[in-house]
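Below: the structure, in structure tokens.
In what follows, chains are A, B, ... by sequence order, proteins preceding strands, each numbered from 1. Scope of the values below: all heavy atoms of this structure, side chains included, with no hydrogens, waters or symmetry mates. Just so it is clear, the structure is predicted and the values come from calculations on it, not from any experiment.
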Amino acid sequence: MIKKERKTTQSSPVSLVSLIDPSSPVAEQYRTIRTNIQFASSADQRVKTLVVTSSGPSEGKSLTSANLAVVFAQAGQKVLLVDADMRKPTIHKTFQLSNEAGLSTVLSTGVSPEEMAQKTTVENFSILTSGPKPPNPSELLGSAKMTQIMEEARNLFDIVIFDMPPVVTVTDAQIMSSKADGTLLVVRENWTRKDALNKAKELLALVKARVLGVIYNGSEQDKDKAYYYYSD
Amino acid sequence: MEETISLREIFDILKQRYAMILTSMFAGLALAAIVTFFIMTPQYSSRAQMIVALPQDEGTDENLNTVNYNLQMLNTYKDIIEEGDALASTVQDRLASEYDLEMTIREIKDSMEVEQSEESQMFSIVATGETAADAEHIANTAAEVFQDTVQDVLTNVDKITIVSRATASNRPVSPNNTLNLAIGLILGLLVGIALAFLREVLDRTVKDSRYVTDTLGLTVLGNVPKMSQKEIEATTQKLRDTQRSDDQDNNTSSGGRRSRTRV
């Protein structure tokens with residue numbers, strides 16, 4: 001049991017800093033992002049479904065979506081975090097949940113997302129894991145059923161966050177961005193390639209995604225500033 | 001590229017890649033050491049000093065003229081010794097017969113050098129060889145041959161004296177260890193710096209959140225500082241602890257959240 005745990009945390013070192021260390025500068029940044037998203041949400045353009053993607057792999061999509069979900073839940077909102085990366089799912093590893101059933105199950109059966117979602121220790125915070133790997137993730141996400149599920153989730157939760165695969169690599173994030181109210185693009189310093197980022201922006205513009213903004217990850221220069229305020 | 005680079009950025013690049021620069025520096029040093037100590041054969045050098053006297057003229061202000069003429073003649077001697085085949089072939093024969101030293105004319109000419117000190121009528125034949133004895137033999141033989149034959153070539157030479165004969169010196173003149181190592185070190189350093197900048201130029205990843213806002217025109221919603229591996233491990237460890245105790249709480253009591261007291 002312990003062995004297994006160690007293995008999973010190694011393969012996905014996603015840190016739930018906002019949950020574990022809420023006073024840290026990192027957690028503070030996630031709260032800032034939450035505020036900025038709430039401000040982007042106006043009366044006629046409510047941001048209730050949020051897609052988190054990036055241009056390439058390992059830029060912090062899962063980290064961002066997990067931590068954002070936690071800070072939204074901490075603000076008293078009813079949050080559903082959906083692992084829509086059915087190719088390389090990680091959310092269930094981060095929260096150590098079972099992935100025997102999840103989004104792919106909801107898409108292929110008549111179960112409602114609320115029924116399938118797993119409760120977490122954080123109040124108001126539910127997670128819908130990816131479920132078993134389907135052979136055709138893009139088709140599933142593009143289906144009318146998916147649109148229907150999103151509508152359902154929108155009614156049941158205050159905010160639904162979708163963790164997506166990289167937008168340049170596969171089309172999944174493009175499909176979901178076109179359906180969602182807002183898209184967040186994760187950029188990681190010294191990692192994200194400029195050309196890939198340009199391509200990601202173009203791809204999202206093609207499907208008329210509403211890109212709310214960029215989460216700038218792994219910043220080195222702002223660290224000092226942050227610690228200036230929070231060091232004890 | 002329109003991107004400009006500031007002095008501060010240059011320092012940042014150097015600071016960021018200092019490990020690479022240091023590695024390259026020591027690689028240069030190691031390479032120089034290998035070449036100096038294992039590949040290059042040591043060279044020994046030896047010098048024979050000579051003086052050539054020209055016949056005195058009868059004139060009144062002869063002194064200055066003669067001295068000047070002598071000095072100019074040194075260039076001629078230099079050519080005879082360094083370039084001429086006649087001297088070299090005699091030297092070759094004598095080296096072979098007297099010292100059993102087989103060398104080609106080309107090698108003999110390459111190994112010899114004529115040095116003159118400024119404003120002095122004395123000049124030296126400096127020979128380098130792979131052993132101290134070789135160097136000594138070449139220098140002495142060349143000096144003797146020059147003494148014997150130069151009067152056949154140049155008629156206006158009065159007297160040739162070998163001021164000091166060459167002696168074998170056991171200290172190699174080449175390779176110069178300190179110099180070679182210093183060159184290796186500095187070249188390594190320069191290559192390291194060049195590589196650091198090259199990598200910086202070739203690295204097309206996002207370096208600054210300003211790229212996102214200024215070039216792409218996107219809003220930065222949040223700037224999440226980088227977490228060290230240590231911080232990440234600390235938080236994941238903490239998470240594991242909380243989850244485990246929560247699980248136990250859920251199992252034993254009716255799902256209420258309690259403090260983490262159980263082991």
Side-chain angles (χ1 to χ4, degrees), chain A residues 5-6 9 13-17 19-21 24-26 28-37 40 60 63-64 67-68 94-96 119-121 123 184-198 201 211-227, chain B residues 1 3 8-9 12-13 15-17 199-251 253 255-260 263:
Chain A
E5 269 181 11
R6 190 168 297 156
T9 41
V14 170
S15 174
L16 282 172
V17 62
L19 183 63
I20 303 303
D21 193 2
S24 71
V26 178
E28 189 52 51
Q29 274 303 314
Y30 284 114
R31 285 194 286 273
T32 306
I33 296 165
R34 177 187 68 198
T35 311
N36 287 338
I37 293 170
L63 174 87
T64 306
N67 280 296
L68 269 184
T94 306
F95 292 91
Q96 288 161 23
K119 291 261 187 303
T120 67
T121 49
E123 226 175 311
L184 297 179
L185 204 51
V186 179
V187 171
R188 187 169 146 200
E189 188 169 281
N190 289 330
W191 186 275
T192 304
R193 292 175 54 91
K194 286 179 181 173
D195 51 349
L197 191 56
N198 279 319
K201 194 193 165 195
V211 181
L212 298 177
V214 165
I215 316 288
Y216 193 75
N217 236 346
S219 151
E220 277 169 7
Q221 59 207 34
D222 270 32
K223 201 173 181 178
D224 308 328
K225 216 195 284 175
Y227 278 136
Chain B
M1 264 193 294
E3 287 169 52
R8 198 205 153 105
E9 279 167 353
D12 281 347
I13 293 166
K15 213 167 79 184
Q16 225 172 29
R17 308 237 186 256
R199 275 185 62 170
E200 191 64 24
V201 170
L202 293 180
D203 188 356
R204 302 302 291 150
T205 58
V206 176
K207 294 273 174 249
D208 199 323
S209 58
R210 272 180 305 180
Y211 176 79
V212 175
T213 49
D214 298 354
T215 315
L216 290 183
L218 295 170
T219 323
V220 172
L221 294 176
N223 211 323
V224 182
K226 191 178 188 171
M227 286 175 81
S228 68
Q229 196 58 39
K230 216 171 139 195
E231 286 174 296
I232 291 171
E233 272 162 22
T235 46
T236 42
Q237 182 59 46
K238 227 165 155 186
L239 172 79
R240 234 176 288 159
D241 294 347
T242 34
Q243 285 211 337
R244 200 167 299 155
S245 65
D246 281 338
D247 284 349
Q248 280 173 353
D249 283 348
N250 286 338
N251 291 340
S253 67
R257 292 192 70 192
R258 286 190 192 170
S259 58
R260 295 179 277 129
V263 182

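- To the nearest 0.5 Å, atoms CG (B:N223) and CD (A:E189) are separated by 8.0 Å.
- If you tally non-hydrogen atom pairs under 4.5 Å between each of A:A40, A:G60, A:A196, A:G218 and chain B, the highest count goes to A:G218.
- Nearest heavy atoms, A:Q29 versus B:P225: CG-CD, 3.8 Å.
- For A:R193, the side-chain hydrogen bond (donor to acceptor under 3.5 Å, both in side chains) criterion is met by A:D195, not counting sequence neighbours.
- Put simply, of A:T192, A:N36, A:N217, the one with the most heavy-atom pairs under 4.5 Å next to chain B is A:T192.
- Within the 4.5 angstrom heavy-atom criterion, atoms from both the backbone and the side chain of A:L212 approach chain B.
- Ranked by heavy-atom pairs shorter than 4.5 Å toward chain A, the options B:T219, B:L221, B:V212, B:L218 are led by B:L221.
- Heavy-atom minimum distance, B:G222 versus A:I33: CA-CG1, 3.5 Å.
- Side-chain contact check for A:L197 versus B:Y211: some heavy-atom pair is nearer than 4.5 Å.
- Scored by the side-chain hydrogen bond (donor to acceptor under 3.5 Å, both in side chains) test, B:T205 finds B:D203, B:K207 as partners (sequence neighbours excluded).
- The minimum heavy-atom distance linking B:Q16 with A:N190 is given by the pair NE2-ND2, 4.4 Å.
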